[in-house]
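Worksheet for the structure shown next.
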Number of protein chains: 2
Amino acid sequence: MAQLYFRVGLGTRPARFEHSFRAYPDYGTHQAGYVIAAGLAPFVDWMHGASFDDDAADALRSLRSGTGDAIFGDDFLDWMREQGGFGDVSLWSVPEGRVVHRNTPIAVVEAPLAVAQLLESSLLNHLNYAALIATKASRVVEAAHGGSVLEFGLRRAHGFGGNGATRAALIGGADFSSNVGVSHELGIPSKGTHGHSMVQVFMAIAGGEIEAFRAYADVYPDDCLLLVDTINTLESGVPNAIRVFEELKSRGHRPVGIRLDSGDLAYLAVRSAAMLNAAGFADTSIVLSSQLDELTIWQIRNQILEEAPRYGLDVDQMLSRLVYGVGSRMVTSDGDPSFDGVYKAVAVENEAGDWEPAIKISDSPDKLALPGAKSLWRVYDERGIATADVIGLEGEDIERRPLEVLHPTRPGVGRVLGADRVSSIEPLLEPVVSRGRVVAELGSIEVARSRRTADLARLDTGVRRLVNPHTYHVSVTRPLLELKQSLIEAHSRD
Amino acid sequence: MAQLYFRVGLGTRPARFEHSFRAYPDYGTHQAGYVIAAGLAPFVDWMHGASFDDDAADALRSLRSGTGDAIFGDDFLDWMREQGGFGDVSLWSVPEGRVVHRNTPIAVVEAPLAVAQLLESSLLNHLNYAALIATKASRVVEAAHGGSVLEFGLRRAHGFGGNGATRAALIGGADFSSNVGVSHELGIPSKGTHGHSMVQVFMAIAGGEIEAFRAYADVYPDDCLLLVDTINTLESGVPNAIRVFEELKSRGHRPVGIRLDSGDLAYLAVRSAAMLNAAGFADTSIVLSSQLDELTIWQIRNQILEEAPRYGLDVDQMLSRLVYGVGSRMVTSDGDPSFDGVYKAVAVENEAGDWEPAIKISDSPDKLALPGAKSLWRVYDERGIATADVIGLEGEDIERRPLEVLHPTRPGVGRVLGADRVSSIEPLLEPVVSRGRVVAELGSIEVARSRRTADLARLDTGVRRLVNPHTYHVSVTRPLLELKQSLIEAHSRD
């Protein structure tokens with residue numbers, strides 16, 4: 001496509017592309033009602049490092065047509081070498097960590113047409129996956145109700161995508177990760193526990209489980225968290241852990257806790273807690289792992305609510321000591337492992353230097369994109385709760401009251417918001433890159449995390465529901481709707 | 001764990017770890033009955049490039065315990081620096097592209113205990129994901145029944161994992177990929193098509209769909225494959241494509257075909273084929289894309305079987321012109337996006353220099369691993385069809401007849417195979433790395449693809465079934481079963 005634009009004289013023509021998604025993740029038995037934006041800083045880093053060099057030109061030069069001719073001409077490859085990279089790109093985006101909604105422009109690229117087109121695969125690859133995992137993590141963290149969440153997914157993450165998953169999960173609210181490398185780069189301590197193999201090794205040649213636990217306590221007296229299910233959790237693991245905890249305590253150390261990784265986690269957590277409490281270790285943590293996701297965490301907490309009192313346990317104390325080690329199902333977004341974000345041309349400059357809106361109509365109505373250079377706002381109601389995201393044409397007056405907002409696809413459906421119904425209106429897209437120069441502060445995980453927390457506090461609890469969430473309003477302005485309809489009519493007459 | 005082994009004097013003790021998986025991918029509505037091994041060459045490359053350098057030591061040195069003390073001591077970090085990397089590792093594996101089965105050792109590591117332990121995350125990260133995608137691709141290719149399969153997934157793959165997905169999909173049988181970079185590295189031409197944005201741009205400022213198609217035909221006269229659903233497939237896209245194909249033909253070129261990316265793909269393919277045939281373009285391809293996987297391809301082919309005759313089309317000719325562009329659902333293994341491969345200690349050398357078997361018992365019986373240094377064989381029946389994978393102790397005589405093979409968990413269940421029932425027995429694990437030196441030919445996609453083809457031809461069609469496949473036999477020898485039972489009894493008495 002880039003070569004074609006170059007050949008027809010449109011290679012450097014300014015164009016706008018938008019990143020948006022059509023559907024919230026649907027995990028089958030549960031569904032997301034919102035998405036957490038993520039991946040922006042790594043994408044901008046990639047864009048800065050990428051260049052069209054001689055190796056790239058040679059690789060393309062070697063590609064052959066069906067007839068054996070070169071697909072790419074030297075004229076085009078030379079021109080690409082002159083372009084060099086993405087120095088002419090401007091980018092606006094909703095910042096990382098913020099709540100975003102379907103069918104809204106969450107990132108906007110303005111660049112020479114050929115350059116904007118070349119960005120497509122990398123932009124989608126970076127932003128789609130990160131948003132998918134940040135969203136999943138956010139749901140896991142909501143299900144944990146304040147319990148710590150550790151990201152444990154590297155072993156089953158999708159190759160080197162696992163590093164991006166760690167960063168996205170931390171933005172989505174996970175407290176720590178066992179990924180030592182990425183945690184170090186991000187300045188967040190990594191947290192993990194030992195595995196079964198350590199106990200197995202001691203069982204094979206150096207005693208048994210108790211000797212393994214004792215060795216661990218000797219090496220890590222102040223970080224002693226023991227995996228108790230290698231033989232039998234209640235018969236062997238917990239009693240052995242308690243013996244070692246008593247030895248640690250007598251030497252003046254405070255044991256950290258135990259980890260359960262198999263069996264009925266809720267039942268074993270309650271039984272283990274009762275045993276730990278009876279031995280005077282009520283302040284130890286109980287880390288749960290093994291195929292956890294938001295739904296299993298929800299079920300485990302509910303089961304504990306019922307079972308804990310039967311063993312004389314205080315429910316609040318019991319729940320507050322739980323830590324969730326969440327791996328495969330979070331970093332692969334189990335149930336819906338791909339985010340359907342798309343990158344579509346929405347406007348191209350005409351010869352007069354004005355934006356000409358672009359549209360795709362297609363045979364699937366849900367694949368229809370909104371045309372034109374646009375803006376995105378969030379409207380907060382009188383309670384300060386987000387009531388709608390509104391898409392309009394760039395330069396439209398959003399301050400007028402009453403504000404009319406319309407359904408993007410259902411004719412005649414809309415709302416009129418009076419001044420009493422609107423506490424504030426916030427533009428969501430922020431400038432990130434201006435003609436190749438980064439103009440936003442990017443990359444802080446802490447800042448992204450606090451954006452998420454603030455946005456969730458202003459989001460209807462119905463929209464945050466883990467199963468069958470309430471549908472958040474995404475509306476358009478009348479001028480945008482009229483533009484879309486006139487373009488559909490014009491192209492239907494072609 | 002590595003520091004602990006070092007501190008208790010076991011850091012350099014030889015140990016064996018095995019990679020195996022417990023369950024075939026289950027996509028919910030359909031299930032895999034086999035897995036395709038993949039990821040070995042990239043893993044070995046990674047292992048060779050990885051080293052424990054000063055930066056790594058400094059990163060670990062900065063990690064703090066709960067009390068603020070350093071978690072890792074200088075003694076251990078200095079020792080790790082001396083180890084340097086993975087130069088003492090030996091590795092055996094089932095080669096890439098081969099069919100493998102659950103609960104069998106598909107890769108075996110022998111290395112100093114601390115080093116073998118450090119490999120865990122990277123080995124699992126490399127091998128789990130690649131096997132998952134090679135398996136999914138193999139199923140997609142089987143569903144396509146000889147139709148070309150193009151891997152289109154980078155936009156929604158999991159970050160940089162998308163590159164590994166491309167390689168794994170090619171091993172699994174995909175013909176080509178749109179991932180230009182990885183295709184180039186692997187020496188396989190990349191294949192793709194244009195997107196909607198190209199048509200949208202022409203609609204906005206340079207005419208319309210026909211002008212876009214004409215420009216594409218001018219630039220790529222011998223590779224002209226047109227995406228026909230930007231406005232309306234049957235009313236606009238296909239008629240415009242046919243006009244441009246006629247112009248190409250009059251200039252002596254042969255048009256390649258069309259791509260359908262929305263709507264009812266089977267119906268639109270049949271209607272488009274009828275229009276193309278009527279215009280004299282029966283030899284053009286029809287590329288289908290949009291959320292394809294093995295099940296949708298199966299359904300599309302079945303629908304075409306019914307619908308094609310109604311439009312006077314030859315069914316075989318119709319099916320043979322189809323090409324499948326498969327993206328998100330293949331590279332994310334939609335339905336089951338994580339492969340449950342594990343890496344478990346199975347034996348450690350004792351002070352006498354003999355292997356001492358290691359076992360994990362756990363509270364979930366399906367998580368029980370087979371102990372000891374083991375071998376893996378495949379038994380072919382009198383028809384040359386694989387009838388069982390058999391796991392035994394290293395050094396066992398597998399040539400004895402009759403051969404008794406036992407169910408690994410159900411007591412008393414087994415089979416006795418006479419000489420007339422066994423045509424051959426093949427060892428599956430091959431030496432790959434011997435004390436750091438690569439001793440196998442790795443990396444050829446073509447060789448891996450031909451291994452897959454040969455193995456599938458020798459696999460029961462019931463096991464290859466896309467839905468509810470027949471269960472393949474995985475058996476153990478009596479000496480291995482007795483070792484496992486004696487260890488369980490010994491540790492239950494602890």
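Just the heavy atoms: all of them, side chains too, but no hydrogens, waters or symmetry mates, feed the values below. Within every chain, numbering begins at 1; the chains are lettered A, B, ... in the order of the sequence lines, protein sequences first and strands thereafter.
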>> At a heavy-atom distance under 4.5 Å, which candidate from A/Ala215, A/Gly73, A/Pro221, A/Ser328 has the highest pair count against chain B?
In response: A/Ala215
Please tell me if the side chains of [X] and [Y] come closer than 4.5 Å, counting only heavy atoms from C-beta onward.
X	Y	result
B/Leu4	A/Phe202	yes
B/Thr67	A/Arg254	no
B/Met1	A/Thr193	no
A/Ser197	B/Gln117	yes

Identify which part of [X] has an atom lying under 4.5 Å from any heavy atom of chain B, answering side chain, backbone, both or neither.
X	result
A/Glu120	side chain
A/Arg329	neither
A/Leu10	side chain
A/Leu63	side chain
A/Leu132	side chain
A/His194	both
A/Ile210	neither
A/Tyr343	neither

Measure distances from [X] to the heavy atoms of chain A and classify the residue's part below 4.5 Å as side chain, backbone, both or neither.
X	value
B/Val201	both
B/Phe72	side chain
B/Ser65	both
B/Val180	side chain
B/Ser62	side chain
B/Leu487	neither
B/Phe339	backbone
B/Arg7	side chain
B/Asp340	both
B/Leu260	neither
B/Leu127	neither

Any donor and acceptor pair, going by atom type alone, linking the side chain of [X] with main-chain N or O of [Y] inside 3.5 Å?
X	Y	value
B/Glu356	A/Ile205	no
A/Asn128	B/Arg155	yes
B/Asp223	A/Gly66	yes

At what distance, to the nearest 0.5 angstrom, does [atom1] of [X] lie from [atom2] of [Y]?
X	Y	atom1	atom2	answer
B/Thr230	A/His491	OG1	NE2	10.5 Å
B/Gln200	A/Phe17	CD	CZ	7.5 Å
B/Met203	A/Ile361	CE	CD1	5.0 Å

Could you tell me which of [options] has the largest number of non-hydrogen atom pairs under 4.5 Å with chain A?
options	result
B/Gly341, B/Ala168, B/Ala165, B/Pro337	B/Pro337
B/Val219, B/Val331, B/Asn350	B/Val219
B/Glu235, B/Gln3, B/Gln291	B/Gln3
B/Gly164, B/Gly195, B/Gly335, B/Gly162	B/Gly195
B/Asp336, B/Val346, B/Asp334	B/Asp334

> Of the non-hydrogen atoms in B/Phe160 and A/Asn125, which two are nearest, and what is the gap between them?
Replying inline: N-OD1, 4.1 Å
>> For A/Met198 versus B/Tyr5, what's the shortest heavy-atom pair and its separation?
In response: CA-OH, 3.2 Å
